[in-house]
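Reckoned from all heavy atoms, side chains included, excluding hydrogens, waters and symmetry mates.
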Amino acid sequence: MNTNKIAELNDNLRKHMWSPGHNKVVLTRGVCVLPLTEQMLLMKKIQDFDNFNAANDPYKIHDFAKVEHNGTDYFFKIDFYNETMDAGSDDPSNPDITTRVLTIMRADEY
C-alpha cells in the first residue's frame, strides 16, 4: 500500500473536509451538542492539526489523533470502506474504490 498517498488523501479530507473519491464526515452526539460556534472552533483545530508522530501515527497515514478544546479531549479518526460501505477498502490509497469516513468525537465516546 502507498502510505504516502493514504496520508495525503486523509490530510485533504481532514484539512478541507473534502478529498477525491467518496467521503463522509460524522460528528458524534458529544460533538453535536456543542454550540455551533464551538463545533466550528473544534473543526478548525482538527483542520490545523499537524503533530503526527510515532506515538499517534505509527503507520504514517494520518488517520487518528487527539486535540483538546475547552478542557475536553476530542479524537478524530478516519476509516476506509469500500464504495458500498459493507467492508473495508481493498486499497485505501485508491480514492476510486474507497469511502473515507472522518469521525469527530469526544474522547470519552471512543
hydrophobic_cluster_shared for [Y] and [X], side chain cutoff 4.5 Å:
X	Y	result
V25	I78	yes
Y59	L102	yes
F49	Y74	yes
F75	M17	no
L34	I104	yes

Taking the side chain as C-beta and beyond, is there a heavy-atom pair between [X] and [Y] under 4.5 Å?
X	Y	answer
R100	P92	yes
H62	E8	no
M43	L27	yes
K66	N56	no
V67	L42	yes
I97	F80	no

Does [atom1] in [X] sit with more than 12 non-hydrogen atoms of other residues, nucleotides or ligands closer than 6.0 Å?
X	atom1	result
K45	NZ	yes
D90	CG	no
K77	NZ	yes

Exercise for the section: Not counting sequence neighbours, which residues clear side-chain hydrogen bond (donor to acceptor under 3.5 Å, both in side chains) with N51? List them please. Expected result: none
Handout entry: Set of side-chain hydrogen bond (donor to acceptor under 3.5 Å, both in side chains) partners for E109, sequence neighbours left out
Key =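 E109: side-chain hydrogen bond (donor to acceptor under 3.5 Å, both in side chains) contacts with T28.
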Exercise for the section: Taking the six-membered ring for Trp and the full ring for Phe, Tyr or His, determine whether the centres of Y110 and F64 are under 6.0 Å apart. Expected result: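 Centroid distance Y110-F64: below 6.0 Å, so yes.
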Taking atom [atom1] of [X] and atom [atom2] of [Y], what is their separation to the nearest 0.5 Å?
X	Y	atom1	atom2	result
N10	S93	CG	OG	10.5 Å
K24	M85	NZ	CE	5.5 Å
L9	N23	CG	CG	8.5 Å
I6	N94	CD1	CG	10.5 Å

Exercise for the section: Walk me through it: do R29 and M105 pass the test side-chain contact (heavy atoms from CB on, under 4.5 Å)? Expected result: CA-CA 8 Å; R29 182 178 180 95; M105 69 194 91; over 6 Å; no
Practice task
Please assess L36 against Q39 for the test side-chain contact (heavy atoms from CB on, under 4.5 Å), listing each intermediate value before the final yes or no.
Solution key: CA-CA 5 Å; L36 186 56; Q39 289 180 36; 4.2 Å; yes
Exercise for the section: Evaluate the criterion side-chain contact (heavy atoms from CB on, under 4.5 Å) for residue pair V26 and V101; output intermediate values, then yes/no. Expected result: CA-CA 7 Å; V26 176; V101 178; 3.8 Å; yes
Practice task
For N70 and T72, test the side chains for any donor-to-acceptor distance below 3.5 angstrom and give the result as yes or no.
Solution key: no
Problem - Any side-chain donor near an acceptor of the partner, N53 and D57, under 3.5 Å - result: no
Practice task
Step by step, work out the side-chain contact (heavy atoms from CB on, under 4.5 Å) result for T99 and N82.
Solution key: CA-CA 6 Å; T99 299; N82 64 13; over 6 Å; no
